J.: 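Structure provided below as structure tokens; questions to follow.
Quick caveat, the model's predicted, so the values are computed rather than measured.
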Amino acid sequence: MGNHKLLKKTTLHIFLLIGVVISLAPFYWMVVGATNPSGDVLSFPPKLVPGNYLFENYKNLSESIDIVQAVLNSSVISIIYVFMSLLVCSTAGYAFAKYKFKGNNLIFASFLLAMMIPYQATIIPLFQVFGSLDWINTYRAVLLPQICYPFAIFLIRQNMKGIPDSLLEAARIDGAGELYIFFRIVLPTMKPTLAAVSIFLFTHQWNNFMWPLIVMTTQENYTLPVALSTLAGLNSIDYGQLMLGTTISVLPIMIVFLILQKHFVSGILGGSIKE
């Protein structure tokens, strides 16, 4: 019996190890490509050993695009977006979870239905609205359209339903106001969920490509995905530059996830706990 359990455990770990290798292989190939000249990136057999061309690739990348400014633009937009969207989505989720008002379920259902609308269908109306406000080529045009993120509201609402109503009623009896209850009682208990939502929001905004491509009209305002897209020329592509730029674009997402990973699983699964 003991040998059978050991065999099952060993087999499981072998499959998990294979999965890890398969998952990390593209990232490793990308990092290796960033350290090699363009001609070696797509060579066959593939070159899997890091080269010494990293600084040359960075020099060429900096000459092709303003990589520092692009990273700064994406960082500022993504960080501001996360904080603004967390505030809006958490208040909306709290209202849907803890306040009983006419049309609660209908309005919440409309948010869920909004997740099914193709984003491409909203681009022309959004562009017309921001054009009339003279907000084209501004951070506001990138930040505001998706600040009310339906999936974030859904996840926060489901987790907030697990907070006992008796706790909130006790705070009200003690004289606490609604803002005090929300910011000092509700949100501190929601840290794992907010961390999980922050990862989704940051990744969504950091990788956002189509909308910034449309509304940002000058290179100094390009976000990182838009700036990297200009590296693909009609006649030739420097894959060393492209791999280095892609590696730079992936690192912030990995850093954010590693910082918040201990809250991620508990935040995602919190909504499965019933009152």
Side-chain angles (χ1 to χ4, degrees), residues 74-117 119 122 139-208 252-275:
S74 287
S75 300
V76 171
I77 290 174
S78 298
I79 292 172
I80 295 176
Y81 173 78
V82 168
F83 281 102
M84 292 178 63
S85 188
L86 275 181
L87 179 61
V88 172
C89 294
S90 60
T91 52
Y94 178 61
F96 284 129
K98 294 303 177 183
Y99 286 91
K100 307 302 179 183
F101 54 90
K102 189 175 182 180
N104 183 320
N105 293 330
L106 180 62
I107 297 174
F108 181 68
S110 68
F111 275 97
L112 299 183
L113 289 174
M115 297 170 62
M116 305 177 188
I117 300 175
Y119 181 61
T122 65
Y139 284 178
R140 289 168 291 182
V142 179
L143 285 167
L144 294 180
Q146 293 188 322
I147 196 170
C148 186
Y149 198 60
F151 178 73
I153 294 175
F154 168 77
L155 189 60
I156 291 173
R157 183 249 192 189
Q158 294 304 107
N159 281 270
M160 282 189 175
K161 287 176 70 69
I163 299 176
D165 291 334
S166 57
L167 175 64
L168 307 183
E169 291 299 329
R172 293 187 181 104
I173 292 174
D174 288 340
E178 293 302 317
L179 289 178
Y180 182 91
I181 293 174
F182 177 70
F183 285 105
R184 302 298 294 272
I185 298 177
V186 174
L187 288 188
T189 65
M190 294 289 296
K191 286 181 179 180
T193 302
L194 296 179
V197 172
S198 297
I199 294 175
F200 280 109
L201 293 174
F202 183 86
T203 303
H204 166 72
Q205 188 58 258
W206 184 267
N207 292 329
N208 195 6
I253 297 176
M254 294 183 62
I255 293 172
V256 170
F257 181 79
L258 290 175
I259 292 174
L260 301 177
Q261 65 173 332
K262 66 179 182 179
H263 300 298
F264 183 73
V265 175
S266 58
I268 292 296
L269 298 180
S272 62
I273 300 175
K274 302 297 183 181
E275 291 185 83

J.: Could you check whether any side-chain heavy atom of F182 comes within less than 4.5 Å of a side-chain heavy atom of S90, counting everything from C-beta outward?
T.: yes
J.: Under the 3.5 angstrom rule, does the side chain of T203 hit a backbone N or O of F200 as a donor-acceptor pair?
T.: no
J.: What I'd like to find out is whether the side chain of C89 reaches to under 4.5 Å of the side chain of V197, using heavy atoms alone.
T.: no
J.: Could you report the tightest heavy-atom contact between P145 and R140, atom names first, then the distance?
T.: CD-O, 4.2 Å
J.: A quick test of your reading: do over 12 heavy atoms of other residues, nucleotides or ligands sit less than 6.0 Å from CG of L113?
T.: yes
J.: Drop me the distance from F154's CZ to N159's CG, to the nearest 0.5 angstrom.
T.: 9.5 Å
J.: Report yes if some heavy atom in the side chain of I156 is under 4.5 Å from a heavy atom in the side chain of F96; otherwise report no.
T.: no
J.: Applying side-chain contact (heavy atoms from CB on, under 4.5 Å), can you list everything that pairs with S78, at least two apart in sequence or on another chain?
T.: F202, Q205, W206
J.: Looking only at heavy atoms, which two atoms of N104 and A95 are closest? And how far apart?
T.: ND2-O, 4.0 Å
J.: Can you name the residues that form a salt bridge (charged side-chain N to carboxylate O under 4.0 Å, His left out) with R184, not counting sequence neighbours?
T.: none
J.: Just wondering, are more than 12 heavy atoms of other shown residues or ligands nearer than 6.0 Å to OH in Y119?
T.: yes
J.: Mind checking the CG-CD spacing from L168 to E178? Nearest 0.5 Å is all I need.
T.: 8.0 Å
J.: Would you check if the side chain of K98 reaches a backbone N or O of I163 as a donor-acceptor pair within less than 3.5 Å?
T.: yes
J.: Does the Y81 side chain pair with the main chain of Q146, one donor and one acceptor, at a distance under 3.5 Å?
T.: yes
J.: Would you compute the distance between atom CG of N105 and atom OG of S110 and round it to the nearest 0.5 angstrom?
T.: 11.0 Å
J.: Grab the two heavy atoms, one from L155 and one from T193, that are nearest each other, plus how far apart they are.
T.: O-CG2, 4.2 Å
J.: Report the distance from atom CD1 of I79 to atom CG of L201, rounding to the nearest 0.5 Å.
T.: 13.0 Å
J.: Under the 3.5 angstrom rule, does the side chain of T189 hit a backbone N or O of V186 as a donor-acceptor pair?
T.: yes
J.: Is the Y94 ring parallel, tilted or perpendicular to the Y99 ring (thresholds 30°, 60°)?
T.: perpendicular
J.: To the nearest 0.5 angstrom, please state how far the CG atom of D174 sits from the CD1 atom of I181.
T.: 9.5 Å
J.: Between F257 and I253, is any pair of side-chain heavy atoms under 4.5 Å apart?
T.: no
J.: Below 4.5 Å, heavy atoms only, C-beta onward: do C148 and I153 meet side chain to side chain?
T.: yes
